[in-house]
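For clarity, every value in this text was computed on a predicted model and none was experimentally measured. Residue numbering restarts at 1 for every chain, and letters A, B, ... go by the order of the sequence lines.
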Amino acid sequence: MSIIKTVDVKKWFGDFQALKGISMEVAEGEVLVICGPSGSGKSTFIRCINRLEQHQEGEIVVDGIELTNDLKNIEAIRSEVGMVFQSFNLFPHLTVMQNITLAPIWVRKKSRSESEEKAMELLERVGIPEQAQKFPGQLSGGQQQRVAIARALAMEPKIMLFDEPTSALDPEMIKEVLDAMKELAESGMTMIVVTHEMGFAKEVADRVMLFDEGLMVEENTPNEFFDNPKNDRTKLFLSQIL
Amino acid sequence: MIRDSKFFIENPYGRWIRDNLFSSSSSAFLTFFAGFMVIYSYRGIVGFILNPERMWTSVTYNMKLYMILAYPDEAMIRVWLSVGLALILGGLSIGFYNSGKTISLGGIFQKLFTISAVIALLIALAPTNTNVIQNDGSIEVVEIIPQDVRMLILGPSLVLTLAFFFLRNIKIKNLFNTAKVNLTYFGLIIASLYFIKIPTISLDSSGERIIPDPFLPIASTTYIPWTILYIGMLLFFFIGSLLKNRDIKIMARLIPISWFLCPLFIFSWIFKKPLVELNTVFSADIPSILVFGIIGFLIIRFSDNQSIGVYRTPINIGFLVLSIVVFLLPLVFIFKATMVLLLLLLVVSPAIATTKEGKRQLFIVWVVSLFVLTFLIRGASSDTMLVTPTGSIFGGFSLTWLLAIFGTYASFPLGLALALGRTSTLPVIRIICTGIIEIVRSVPYITWLFFASVMLTVFLPAGVEFNLIIRVLILTAFFSGAYFAEYIRGGLQSIPKGQYEAANAIGMNPFQRIFLVIVPQALRTIIPTLVGSVITSFKDSSLVAIIGLFDILRIGTSVIPAQSQPVVFIGRNLEQLVFLSFFFWVFTFVFSRRSMKFEKRLGLGER
């Protein structure tokens, strides 16, 4: 049973066509890595999945709900889909604890004590329980990204989207974030990860996709993708990146 | 070269002087030029103040007039109560928010050293002579500080400076809490009221001025109340410290709310002495509380009910229409004001009243705010029992204060609403808000004041009449509201798009996104601008002098210079202006320093 299904999704920014018809399915518990050169539409695509961008043609069904202009549907889907951004986007005026408990309290309507307990669990899971009372500005990039992961997980989502989660980090901080993501993948979370971390793709992904100029040019298992790519564009991409 | 001499290289003070004042020839020039200007203006100001032409008794004698104009003497206790309430609350806050910062004895001496050194320097630089213009236009040089007087002050202050210079290196481990030290300083100022003599005027029984002793101690009606208030403040400081040690969390919310409500309470009940008839309380206030209490209860109870939730939009529109009807009908004012509160409840209740606990808390807040609102409006809308010759109990500084505080209170929410409306995606709301902002901002404040005093009555429906002060308040709210709106809009625009996306991605609705994520950040970034704007409206409030209100400026420029009883102060303009500038400066300076501390505290953890 696929938890995300897209049919021929197209998107334009003005005259520029960013997505030229993407059809794909993601099964529950699957880890999908999307890579591709910049401007290939991979970020736009995953942002369409929780309606941060609006697709103009095609069909996106998440967890049995079709994405339409109905606000109720959009809010329902957003609370099922967690998202981690390239630039963290933590709320700078709130402490780490408040960042994580904000949505459970206000959107999921949970009690404060229950949410804080859960938040501490999540912080321990991503390895920074001691930072709970600090402000985001006092943390390193890697720590901030792990808080962002905990914040998304606090909503108990069924799907997690990662939009280049390590691109804004110093090299030595990338590992701590990838470790947290690996742990998450092993726990059976459905994940779509846009990344250039090929090591992560090889090790963790169930499937790897390559986007180029708004089209999905290759879809393969990680081993096949790296060792025996079908498409010439994939070969070129891999030769440049590895 | 002098610059390379031993003093300027090895001595830390010399080093500082070399690096900061004489680092290059152009900076040396600037240092000399600025120093000359400062000393020149200082000597000019001292010469002006000590000029025998000046009659400073015209300021000191009229201090009461300045503060409260014609507020009746028999009700003076109410003025002291107002000041006392603020001081008590201040003491409580200082005790409760005491950061535990400490200062060593050496640190205290260091400060005293700086102060006494500055005083010694100022006395040494003060001019000996000043020019007095004679009646025939000729200029006569008059000695204002004779050498023996100068020496009499300079000597002790130099001795003190030296003493503190050596004392500041004292090595005593004792540390003092800065809050307590500051309270002690304040206490010393109060204590000095018992000794200080200021030039004032005393009259004998027949109303003639007693000439021989122009220097009298400050009146006992001044220092005794201040002493009592200071003791009250100390008492509440210790209560605050106790509450802090007991770690009573609710105070952290109660104190800011009390600060917010304190001026409203002072103006509507203490200062005003309203005439409250039990009749109106039973016929208007109690029904209002009951009716709105029940409506509020129903809203909170059913706000998350699924079967009613379908009709949410029609219900909201219904309430909006109802509130407009309530506003147009000739109902008691309390109903109209409470209706606004009810609309607010309607907006927030779906976001808060989702759990049993949330509902219970919201209901408590609702009932408490109903009572507070009714209580305040009853005080504000009733007639006053005080009789004053000018017809208004507000005058002088109390009027300035009233305009500044109410202007800010009313204009801030209005500005926030206008800013959010202007950035809204709904075209009707956006056009209306943009229109209001642009119209209000493009007309000068003075024009609006004339509008308030002359034109507004023409625009209002027949039979509706407001007091001039209220009309001015309404226009001030709109005028500063429009400016606030633009500042807040600037703050809203400074929030990166990622914050909206992050709020969306965790499933927040637009209301939650705006009020939990965007507005708190936007307000934080514009605190310096907002403080500037509050200061501006505090100062601008003196413009009401031109439409006939007796604020502190009007008293200084036209009331006192026309006094001929009991002493002739006719034409004494200059003294009043000097005093007023100093007075305004003290208030705005203290306010801006406080806000800087506030900013620092809020800026914690920000980049």
Side-chain angles (χ1 to χ4, degrees), chain A residues 46-47 49-53 71-72 74-96 98-114 131 133-139 144 148 151-157 160-161 163 168, chain B residues 249 303-304 306 309-310 312-313 348-362 425-426 491-492 494-527 599-607:
Chain A
I46 74 162
R47 287 157 63 87
I49 293 174
N50 69 349
R51 238 320 135 103
L52 290 182
E53 302 286 357
L71 261 175
K72 280 267 157 1
I74 296 174
E75 275 169 25
I77 286 174
R78 278 174 180 167
S79 56
E80 298 299 330
V81 180
M83 180 142 188
V84 175
F85 299 88
Q86 177 180 0
S87 50
F88 327 139
N89 290 348
L90 294 176
F91 305 131
H93 62 300
L94 301 175
T95 62
V96 166
Q98 289 167 330
N99 261 284
I100 299 174
T101 55
L102 191 69
I105 290 174
W106 288 88
V107 181
R108 282 264 190 260
K109 324 290 189 192
K110 284 192 182 157
S111 77
R112 181 171 299 273
S113 53
E114 191 189 339
Q131 312 287 358
Q133 297 312 323
K134 286 195 184 163
F135 285 89
Q138 297 165 319
L139 304 183
Q144 287 193 47
R151 179 177 70 178
L153 288 177
M155 287 292 285
E156 295 172 350
M160 285 283 283
L161 307 176
D163 186 2
Chain B
K249 292 259 162 41
S303 64
D304 59 345
Q306 292 299 326
V310 184
R312 183 164 291 151
T313 321
V348 297
S349 72
I352 299 173
T354 47
T355 56
K356 261 218 166 90
E357 208 200 329
K359 281 183 182 177
R360 202 173 55 86
Q361 284 181 353
L362 188 62
T425 44
L426 304 169
L492 290 175
S494 75
I495 306 300
K497 211 174 127 225
Q499 293 291 318
Y500 289 86
E501 288 180 349
N504 282 337
I506 54 177
M508 289 184 150
N509 64 33
F511 180 78
Q512 294 166 339
R513 186 183 65 208
I514 289 289
F515 286 99
L516 294 173
V517 176
I518 306 302
V519 167
Q521 292 186 56
L523 291 185
R524 204 167 292 223
T525 55
I526 54 164
I527 284 173
E599 247 169 70
K600 255 191 195 159
R601 219 176 61 197
L602 279 184
L604 183 77
E606 282 224 319
R607 288 262 169 97

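- Between chain B and the residues A:N50, A:N89, A:L52, the largest count of heavy-atom pairs under 4.5 Å involves A:N89.
- Closest non-hydrogen pair, B:A502 versus A:R151, comes out as CB-NH2, 3.5 Å.
- The candidate with the highest count of non-hydrogen atom pairs below 4.5 Å against chain B, out of A:M83, A:R51, A:E75, is A:E75.
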Exercise. Run the numbers on A:L102 and B:Q512 for side chain to side chain contact (heavy atoms under 4.5 Å, CB included), then give the verdict.
Key: CA-CA 10 Å; A:L102 191 69; B:Q512 294 166 339; over 6 Å; no
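- Distance alone, capped at 3.5 Å, is enough to place a donor-acceptor pair between the A:H93 side chain and the B:L516 backbone.
- Ranked by heavy-atom pairs under 4.5 Å with chain A, the list B:P520, B:P510, B:A505 is led by B:A505.
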Quiz item: Does the pair B:E501 and A:R47 meet the rule for a side chain to side chain contact (heavy atoms under 4.5 Å, CB included), with working shown?
Solution: CA-CA 10 Å; B:E501 288 180 349; A:R47 287 157 63 87; 2.4 Å; yes
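- For a residue to count as touching a neighbouring chain, one of its non-hydrogen atoms must lie under 4.5 Å from one of that chain's; by this rule A:F91 touches chain B with backbone and side chain alike.
- Judged by distance alone, the side chain of B:Q499 and the main-chain N or O of A:L90 form a donor-acceptor pair under 3.5 Å.
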Quiz item: Given B:I506 and A:V107, is the side chain to side chain contact (heavy atoms under 4.5 Å, CB included) satisfied, shown in steps?
Solution: CA-CA 8 Å; B:I506 54 177; A:V107 181; 5.7 Å; no
